[in-house]
Colleague: 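Here it is, the structure, as structure tokens.
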Protein chains: 2
Amino acid sequence: MRLVVARCTVNYVGRLESTLPEATRLIMVKEDGCVAIHADGGAYKPLNWMNAPNDVRESADRWEISNPKGERLIIVLHEILSDTQHTLGDDPGLSKDGVEAHLQELLAADPEVIEGGLVLISREYPTAIGPVDLLCRAADGSTVAIEVKRRGEIDGVEQLARYLEYLRADSSLGVLRGVFVAQSIKPQARTLAETRGLAWKEVDYDELRGKRVDELRLF
Amino acid sequence: MRLVVARCTVNYVGRLESTLPEATRLIMVKEDGCVAIHADGGAYKPLNWMNAPNDVRESADRWEISNPKGERLIIVLHEILSDTQHTLGDDPGLSKDGVEAHLQELLAADPEVIEGGLVLISREYPTAIGPVDLLCRAADGSTVAIEVKRRGEIDGVEQLARYLEYLRADSSLGVLRGVFVAQSIKPQARTLAETRGLAWKEVDYDELRGKRVDELRLF
DNA sequence: GACTCTATCTCGGTA
DNA sequence: TACCGAGGTAGAGTC
């Protein structure tokens, strides 16, 4: 990894056009050839960047970075304050817990949390427009399609509504209902779900995980 | 801005939980107190980060960063390879061209590009569920609601369909039609638009801008 | 390669 | 503050 601190102006032409006036910034060049320009605020997003693969042409005061998609980043260096190189090696990578997949897994193991009497038929049940997260049989004999999201927003409701449109074409599933499940569901999404004739249910991830752990402790 | 290159292990507990095993990485601490940890690949996304405002507690081999939301990042330093400080100053900021707002502006100035005979009634016409990008009067006397997107995807079509549902409740608007406008519209979005009874139109941003510039040159 | 969906999404606007 | 929408979304997975 190469770290250059320099007074520079930057120009990007690609998916849009942007200009950075002269100022002091950090230019980060990684082993894979990607380039990011950071200001001294905002942890996440670089001001400008170019993802690998890149062709970097470098002269004393001007870098031209271009990629196969035809995007171009031009950095004009007015003064270099620091230019260092570091060997980092491969990163073993990040391991995560708490994402949608895990929530879906917990609910698949215990669909009663969503509605009493639910029994899992299938996970990732295929339709022409994508897989339905969970398909269950309800106590009343109806089939229940469940869309699981970490955060319940309007798109998730639309997604579930589209799945149901397609599922209803398959008469073998009998009476169909839809339930939208998330850790928290925004008011707009609740309203839309109700207008679309869908039920919704908020579930607590920590509680669900705790419950699961407790159950495992019994054995 | 402080740049530390170090062998470290990192632990994040907050919106999810994550662990980074021991490896050499760049730790970037910005003037506003935000922290980002970068591996030597992928320009954009840090492995871990904490946005400002942060409380940073630092000892020789362990940093604890916490924020008011209760998120915590713990960095254990096994070996510091480099630790430098740089004064960057405020950044004058990025100026952009080519975003949706500008596209909407160009279309508002020249709605005939969408359909011959269209005359603008209103931009950002308010409804209970949000503003309609453009509302126009057509040559045939009907009212046309237009949703403008840079990229035409399925959500945009749903959005326009929802707006029309609400607009139809207002009988003063007369006969209503919807047109979905974008620089490029995906096949799925076209199909959905047609099923929902909506028209769609692809427009060329550069051409539109060029045309506008040409018109201005006439004066 | 194209298309899909997720994200500690980030970031900016607004009520 | 919360909600909502755009993003050069990026990045991962699937077909």
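Letters go in sequence order (proteins before strands), and every chain restarts at 1. This one's a predicted model, so the numbers in the text were calculated from it and none came from an experiment.
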Colleague: Hey, is B:R168 close enough to B:D170 for a salt bridge, meaning N to O under 4.0 Å?
Modeller: no
Colleague: Could you check whether any side-chain N or O of A:D155 sits under 3.5 Å from a backbone N or O of A:E158, counting only pairs where one atom can act as donor and the other as acceptor?
Modeller: no
Colleague: Measure the distance from CD on A:E153 to P on D:dA2 and round it to the nearest whole Å.
Modeller: 15 Å
Colleague: Would A:E64 and A:R62 pass as an ion pair if we require N to O under 4.0 Å?
Modeller: yes
Colleague: Between A:R123 and A:D133, is there a salt bridge with N-O shorter than 4.0 Å?
Modeller: no
Colleague: Only pairs with both distances under 3.5 Å count, Watson-Crick or wobble alike; so what is the partner of D:dG5 in this structure?
Modeller: C:dC11
Colleague: Could you tell me whether B:E202 and B:R190 have a side-chain N and a carboxylate O separated by less than 4.0 Å?
Modeller: yes
Colleague: Find the distance A:D133:CG to D:dG13:P and express it as a whole number of Å.
Modeller: 17 Å
Colleague: Give the rounded distance in Å between these two atoms: CD of A:E158 and P of C:dC5.
Modeller: 13 Å
Colleague: For A:R162, is the CZ atom crowded, meaning more than 12 foreign heavy atoms sit under 6.0 Å from it?
Modeller: yes
Colleague: Where the side chain of B:E147 is concerned, which of C:dC5, C:dT8, D:dA6 is the nearest nucleotide?
Modeller: D:dA6
Colleague: Would the number of heavy atoms belonging to other residues, nucleotides or ligands and lying under 6.0 Å from CG of A:D83 be above 12?
Modeller: yes
Colleague: What's the gap between D:dG8 and D:dC4 when it is taken at their P atoms, as a whole Å value?
Modeller: 22 Å
Colleague: Rounded to whole Å, how long is the line connecting atom CZ of B:R72 with atom C1' of C:dT8?
Modeller: 16 Å
Colleague: Does B:Q159 place a side-chain N or O at less than 4.0 Å from the phosphate oxygens OP1/OP2 of D:dG5?
Modeller: no
Colleague: Within this structure, what is the OH-to-C1' distance between B:Y44 and D:dA12, rounded to whole angstrom?
Modeller: 16 Å
Colleague: Touch check for B:N51, heavy atoms < 4.0 angstrom, all strands: base, sugar-phosphate only, or nothing?
Modeller: sugar-phosphate
Colleague: Using modelled atom types only, decide if a donor and an acceptor are shared between the side chain of B:N54 and the backbone of B:G33 within a distance under 3.5 Å.
Modeller: yes
Colleague: Can you tell me how far C1' of C:dT10 sits from NZ of B:K96, to the nearest Å?
Modeller: 11 Å
Colleague: So which of residues 5-32 of chain B are in contact with DNA chain C, with a heavy-atom cut-off of under 4.0 Å?
Modeller: B:Y12, B:R15, B:L16
Colleague: Considering every strand and a 4.0 Å limit on heavy-atom distances, what is the contact class for B:R151: base, sugar-phosphate, or nothing?
Modeller: base
Colleague: Please determine, for the side chain of A:N48, which listed nucleotide (C:dT8, D:dG8, C:dC5) has the closest atom?
Modeller: D:dG8
Colleague: Would you say A:K186 places a side-chain N or O within less than 4.0 Å of OP1 or OP2 belonging to D:dA2?
Modeller: no
Colleague: Looking only at atom P, what distance separates C:dT8 and C:dT4, rounded to whole Å?
Modeller: 22 Å
Colleague: Please report the distance, rounded to the nearest Å, between CD in A:E105 and P in C:dT6.
Modeller: 16 Å
Colleague: Hey, which of these two, A:A189 or B:L94, hits DNA chain D nearer its 5' end, going by closest nucleotide?
Modeller: A:A189
Colleague: Send over the distance from A:D155 CG to D:dC4 C1', rounded to a whole Å.
Modeller: 11 Å
Colleague: Are any of A:K45's side-chain N or O atoms less than 4.0 Å away from OP1 or OP2 of D:dG8?
Modeller: yes
